[in-house]
Asks: 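Mind looking over this structure? Questions follow.
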Amino acid sequence: MTVDIEQVRRDTTEVMSGIDGWSPEYVTQDLLSDLESAEEVVEQPVLEDDLQTLAYIYYGNRPVWIRDLSRPGFVGRLVIYNGSTNRPNDPCGTRFRRSIWFYRTPRGTPYRNCGRYWGYQFINA
């Protein structure tokens with residue numbers, strides 16, 4: 001898959017807009033070179049909101065938003081680093097690269113856990 005780095009930066013900036021101190025500078029050609037190696041996430045419901053809508057929550061850092069309409073019902077995918085082998089959605093690590101398909105464009109919100117770890121939370125509803 002060939003991606004335009006400037007378009008990916010614009011799209012990722014849209015997802016991360018409003019977060020103080022966030023910068024798209026980490027989105028480099030090197031970072032984008034192996035997007036296909038990201039492990040596809042198998043959806044598992046972890047939250048029901050006040051409207052009883054099933055939603056999924058993901059935590060991670062160095063997000064990259066790729067607009068992609070090739071999969072029916074989805075608008076794109078988010079690639080993030082997080083977790084470990086036995087706790088893949090744990091916000092306390094940057095070990096694995098994961099790819100999550102989203103129904104609507106996500107919004108990143110800051111999330112702090114594990115002491116000095118700073119990452120982002122994304123809700124897929």
Side-chain angles (χ1 to χ4, degrees):
M1 169 187 233
T2 305
V3 293
D4 174 8
I5 188 169
E6 292 307 318
Q7 184 64 48
V8 170
R9 278 188 178 149
R10 283 191 296 273
D11 294 344
T12 303
T13 298
E14 179 184 324
V15 168
M16 302 302 288
S17 66
I19 296 177
D20 289 338
W22 182 84
S23 168
E25 298 310 310
Y26 67 88
V27 181
T28 62
Q29 200 62 52
D30 205 32
L31 183 72
L32 299 179
S33 66
D34 64 344
L35 286 177
E36 298 308 314
S37 70
E39 175 188 326
E40 288 253 341
V41 171
V42 176
E43 299 269 328
Q44 294 181 9
V46 293
L47 169 83
E48 284 194 27
D49 67 14
D50 294 338
L51 301 174
Q52 299 301 304
T53 301
L54 199 55
Y56 307 89
I57 298 180
Y58 300 98
Y59 302 97
N61 60 24
R62 285 185 279 170
V64 175
W65 174 244
I66 307 293
R67 290 184 191 279
D68 187 347
L69 300 175
S70 66
R71 189 180 277 192
F74 296 90
V75 297
R77 62 192 173 106
L78 183 73
V79 179
I80 56 175
Y81 281 92
N82 73 339
S84 61
T85 306
N86 60 344
R87 296 172 70 187
N89 202 28
D90 188 329
C92 300
T94 58
R95 220 170 142 187
F96 292 95
R97 199 167 202 199
R98 308 182 76 213
S99 179
I100 306 125
W101 285 89
F102 273 75
Y103 307 110
R104 296 181 191 89
T105 303
R107 286 281 179 253
T109 55
Y111 183 85
R112 183 176 179 149
N113 194 5
C114 307
R116 295 186 321 187
Y117 174 84
W118 276 95
Y120 304 101
Q121 178 185 68
F122 302 90
I123 298 176
N124 195 7

Asks: With the side chain counted from C-beta on, respond yes when V8 and I66 share a heavy-atom pair under 4.5 Å apart, and no when they do not.
Replies: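 In short, these two side chains touch, coming nearer than 4.5 Å.
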Asks: Once rounded to the nearest 0.5 Å, what's the spacing between atom CZ of R107 and atom OG1 of T109?
Replies: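 One gets 11.5 Å once the value is rounded to the nearest 0.5 Å.
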Asks: Y81 ring centre to R62 NZ or CZ under 6.0 Å, with the angle to the axis within 45°?
Replies: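 Pair R62/Y81 counts as cation-pi.
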Asks: Could you tell me which residues satisfy salt bridge (charged side-chain N to carboxylate O under 4.0 Å, His left out) with D34, sequence neighbours excluded, listed by chain and number?
Replies: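 With neighbours one apart ignored, the set is R97.
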Asks: How long is the gap from CZ on R67 to CZ on R77, to the nearest 0.5 Å?
Replies: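 Reported value, rounded in 0.5 Å steps: 14.0 Å.
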Asks: What's the separation between atom OG1 in T105 and atom CG in D11, rounded to the nearest 0.5 Å?
Replies: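 It comes to 8.5 Å.
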Asks: Do I80 and Y59 make a side-chain contact, defined as non-hydrogen atoms from C-beta onward lying under 4.5 Å apart?
Replies: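 When only atoms from C-beta onward are counted, Y59 and I80 do not touch, as no gap falls below 4.5 Å.
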Asks: Taking N124 for the side chain and P106 for the main chain, is one N or O donor matched with an acceptor at less than 3.5 Å?
Replies: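 No.
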Asks: Under the 3.5 angstrom rule, does the side chain of R104 hit a backbone N or O of F74 as a donor-acceptor pair?
Replies: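 Pair absent, no side-chain N/O of R104 close to backbone of F74.
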Asks: Check whether any side-chain N or O of Y56 sits under 3.5 Å from a backbone N or O of F122 as a donor-acceptor pair, and report yes or no.
Replies: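 No, because the side chain of Y56 does not come within donor-acceptor range (under 3.5 Å) of the backbone of F122.
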Asks: side-chain hydrogen bond (donor to acceptor under 3.5 Å, both in side chains) with T12: which residues, sequence neighbours excluded?
Replies: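 Testing T12 for side-chain hydrogen bond (donor to acceptor under 3.5 Å, both in side chains), a comparison that skips the adjacent residues, returns none.
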Asks: Quick one: side-chain hydrogen bond (donor to acceptor under 3.5 Å, both in side chains) partners of R10, sequence neighbours excluded?
Replies: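 In terms of side-chain hydrogen bond (donor to acceptor under 3.5 Å, both in side chains), with neighbours along the sequence ignored, R10 is linked to Q7.
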Asks: Just how far is it from atom CG of L78 to atom OH of Y120, taken to the nearest 0.5 Å?
Replies: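 If I round to the nearest 0.5 Å, the distance is 12.0 Å.
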Asks: Determine the minimum heavy-atom distance between I19 and G108, stating which atoms define it.
Replies: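 Heavy atoms only, the tightest pair is CD1-O, 3.3 Å.
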Asks: Considering non-hydrogen atoms only, spot the tightest contact between W101 and D68 and give its length.
Replies: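 The pair with the smallest heavy-atom distance is CH2-OD2, 3.4 Å.
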Asks: Looking at D30, I'd like to know if its CG atom is crowded, meaning that more than 12 non-hydrogen atoms belonging to other residues, nucleotides or ligands lie closer than 6.0 Å.
Replies: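 It does not: D30 CG has 12 such atoms or fewer within range.
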Asks: Indicate yes or no: at least one non-hydrogen side-chain atom of Y58 is less than 4.5 angstrom from one of V41.
Replies: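 Yes, close enough: below the 4.5 Å cut-off.
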Asks: Could you check whether any side-chain heavy atom of W65 comes within less than 4.5 Å of a side-chain heavy atom of E14, counting everything from C-beta outward?
Replies: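 W65 does not reach E14 side chain to side chain.
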